[in-house]
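What follows is a set of notes on a single structure, which appears directly below.
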Amino acid sequence: MTDTTQAQEMTDGFHLVIDALKHNDIDTIFGLVGIPITDLCRLAQAQGMKFIGFRHEQHAGNAAAIAGYMTKKPGICMTVSAPGFLNGLTALANATTNCFPMILISGSSEREIVDLQQGDYEEMDQLNAAKPYCKAAYRINKAEDIGIGIARAIRSAVSGRPGGVYLDLPAQLLAQTLDAAHGKRSLVKVVDAAPAQLPAPDSVQRALDVLKGAKKPLILLGKGAAYAQADADIRALVEKSGIPYLPMSMAKGLLPDTHAQSASAARSFVLAEADVVLLIGARLNWLLSHGKGKTWGAIPKKFIQIDISPTEIDSNVAIAAPLIGDIGSCVQALVKGIDAGGYQKPSAEWTGAIAERKDKNLTKMAATLEQNPSPMNFHSALRVIRDVVKANPEINIVNEGANTLDYARSIVDMYQPRKRFDSGTWGIMGIGMGFAIGAAVISKKPVIAIEGDSAFGFSGMELETICRYDLPVITVVFNNNGVYKGTDPNLNPNDPKDVPVTSFVKGARYDKMIEAFGGIGYNVETPEELDKALKEALASGKPTLINAVIDPNAGTESGRLTNLNPQSGKK
Ligand code: ADP
Ligand code: TPW
């Protein structure tokens, strides 16, 4: 070897992956280590990135997904091959279903062994396994392609309809070496990853014409609207148009839930009575009864739909005026049209009828919320959380369960955008601790995770992660001794001691779990105790779990999903 080659500076796949992420301003990795990802994560930390290590990949993936939703930058999850990858895949699929941008990066076995199925350690054809469950899947085979591969993954995750991307990194790729100068040149900075997509002028005109013809218009805000970060434009549209609006659960807080035009407390009434519905980043899926049937009443509807994905249009019912583009640009175009004149605000007859309904329902709800049954029920416990969030609107809320989800969604008002994270499009259980960790790490603000006892169980081990990173996460377990309720009978005719299919250990003390990791546990049985525990936890900023004892008889099976539950009510 000559002196010049000896002096030549080299880099390798490990460094290039980290360099490429940092080059694109990605500063956090959620993951779980193992060969060869351990060294990649060590290097990330040594190079100044934040690495958050989890106890199960699904929760690392969920944290990455919610980070993507909060920031419009893809959240990164790193796992090992086969089982680690598969554990992360649920989160990747859930992210894609919810339109959250994330990238699952998994180490993988060498192609020649996988392709001949020669039985490597944790061998799996991960690229093909991932493809049906994500927006895009790529494998990088050469170190000099790492820059372009990561750029492609980032752009795929955030452009158009956001979603999950899988990136396959065979172990030999990470070990490959490359001349450092060549490596540096191979990095790609993604320019304008999610470009504005302007709606066509005739689509805007068509939408305005439909709006102008409306007698009883309604705006539906979905989590796409929250994701878009077009908060001021959306407020301008709502307020200038004077149209009542309904937020979908994760769009709560985009405008404060206490806004005069919010029709949440008259939801069934407005869905049934409206004649024109403007959907902004909300799909007409099961969460909106597919845009038809009893929920939507007898009044014929005309829909205007703003979405970035053209194929979303007419997915369930005919859309009279599609508006394809990014939400910011589409909403701005509508506001411009309204400013131009010729638009009249909805009649006092329509807004007055809604106000009347709201008043009636709110009075009824207030009476229910004020009751103090013993043991506590969902309402009296959620009243306390509602008041704490009202006093501390910067709090992030994570929410899953059946009754716990349904009641918290309607009782706990939100005041700021992108502060509510829940079971989303799939109605999935298991997002709790992953979302809570992601939200705490990204926002650096407190999180209250409102968890059914069953829901909590899916990710409960991540309490250790919360304690290890000393995150300001307050988990409130609504403990009613079972999946849904805690009162199911044993149906086994042959064994009187058999366990009912939905029941858990009675009187379980989830608060003791967090104490094992140095966190603070509370067991509360009254609203006053819950209030005190929440306030102490907020003041301390310490990882806390509050075991809130709820009447096992409270709630219903499947929460409000009883229509999807053919057996419900037949017992
Ligand atoms: P929700 O569950 O709150 O009703 P969905 O997840 O069903 O909301 O709908 C979100 C919609 O928003 C998706 O159809 C997605 O394509 C769309 N979307 C996401 N981001 C944007 C954006 N920046 N501009 C336009 N549409 C978007
Ligand atoms: C991954 C099915 C829907 S809701 C739920 C389950 C298991 C738990 C309800 O009990 P919980 O709530 O949390 O105690 P509550 O408030 O009524 O007391 N597996 C996955 N996702 C879903 N949705 C299920 C199972 C389910």
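Each ligand, and each atom within it, is numbered from 1 in the order the structure gives.
- Residues Ile327 and Asp233 are not in side-chain contact: their nearest non-hydrogen atoms beyond the backbone lie 4.5 Å or more apart.
- Compare Glu451, Met429, Lys485 by their heavy atoms: the one nearest to atom 20 (C) of ligand 2 is in Met429.
- If you number the atoms of ligand 2 from 1 as listed, the ones under 4.0 Å from a heavy atom of Val483 come out as 7 (C), 8 (C), 9 (C), 10 (O).
- Within the 4.5 Å cutoff, the side chain of Arg383 has no heavy atoms near those of the Ile411 side chain.
- Listed here is the closest heavy atom pair of Glu239 and Gln261: CA-OE1, 3.7 Å.
- For ligand 1, the atoms closer than 4.0 angstrom to any heavy atom of Ala228 are 23 (N).
- The Asn480 neighbourhood of ligand 2 comprises atoms 18 (O), with distances under 4.0 Å to a heavy atom of that residue.
- Interface of Gly482 with ligand 2, defined as ligand atoms under 4.0 Å from a residue heavy atom, comprises 14 (O).
- Between Asn523 and Asn547, the side chains place a donor N or O and an acceptor N or O closer than 3.5 Å (distance only, hydrogens not considered).
- Of all protein heavy atoms, the one closest to atom 25 (C) of ligand 1 is Ile327 CG1, 3.1 Å.
- Neither the backbone nor the side chain of Trp426 comes within contact range of ligand 2; no heavy atom lies under 4.0 Å.
- Heavy-atom contacts of Gly452 reach the following atoms of ligand 2: 11 (P), 12 (O), 13 (O), 14 (O) (cutoff under 4.0 Å).
- The two residues Asp25 and Lys189 make their nearest non-hydrogen contact at OD2-NZ, 3.0 Å.
- Using cut-offs of 30° and 60° for the angle between ring planes, the Tyr245 and His259 rings count as perpendicular.
- In terms of protein heavy-atom proximity, atom 18 (N) of ligand 1 is closest to Gly224 CA, 4.0 Å.
- When only interatomic distances are considered, the shortest N/O to N/O separation between Tyr227 and ligand 1 does not fall below 3.5 Å.
- Set against the non-hydrogen atoms of Ala402, the atoms of ligand 2 under 4.0 Å away are 4 (S), 9 (C), 12 (O), 15 (P), 16 (O), 17 (O).
- Close approach of ligand 2 to Gly401 is summarised as follows: ligand atoms under 4.0 Å from at least one heavy atom of the residue are 12 (O), 13 (O).
- Close contacts of ligand 2 with Phe458, meaning ligand atoms under 4.0 Å from a residue heavy atom, involve 1 (C), 19 (N), 20 (C).
- Residue Ser309 places no N or O, backbone or side chain, under 3.5 Å from any N or O of ligand 1.
- Applying the 4.0 Å criterion to heavy atoms of Ala282 picks out, from ligand 1, the atoms 4 (O), 8 (O), 9 (O).
- Counting all heavy atoms, side chain and backbone alike, Arg235 lies closest to Pro256 at NH2-CD, 3.4 Å.
- Taking any N or O of Asp326, backbone or side chain, none lies under 3.5 Å from an N or O belonging to ligand 1.
- At a heavy-atom distance under 4.0 Å, no atom of Ile306 approaches ligand 1.
- Between Ile319 and Ile313, the shortest heavy-atom contact is CB-CG2, 3.7 Å.
- Interface atoms of ligand 1 facing Cys99, defined by a heavy-atom separation under 4.0 Å, are 13 (C), 15 (C).
- Annotation: atom 9 (O) of ligand 1 to nearest protein heavy atom, Gly281 O, 3.3 Å.
- Considering only non-hydrogen atoms, atom 10 (O) of ligand 2 lies nearest to Tyr484 out of Phe478, Tyr484, Phe456.
- Residue contact annotation: Gly325 has a non-hydrogen atom under 4.0 Å from ligand 1.
- If you number the atoms of ligand 2 from 1 as listed, the ones under 4.0 Å from a heavy atom of Ala455 come out as 13 (O).
- Comparing heavy-atom distances from atom 15 (C) of ligand 1 across Asp307, Ile308, Val331 singles out Asp307 as nearest.
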Ring pair (Phe, Tyr, Trp, His ring centres under 6.0 Å) between Tyr133 and Tyr166: does it pass, once the steps are laid out?
CA-CA 9 Å; Tyr133 304 109; Tyr166 175 61; over 10 Å; no
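- At a heavy-atom cutoff of 4.0 Å, ligand 1 is contacted by the side chain of Met248 but not by its backbone.
- Here the shortest heavy-atom pairing between Tyr69 and Tyr227 reads O-CD1, 3.5 Å.
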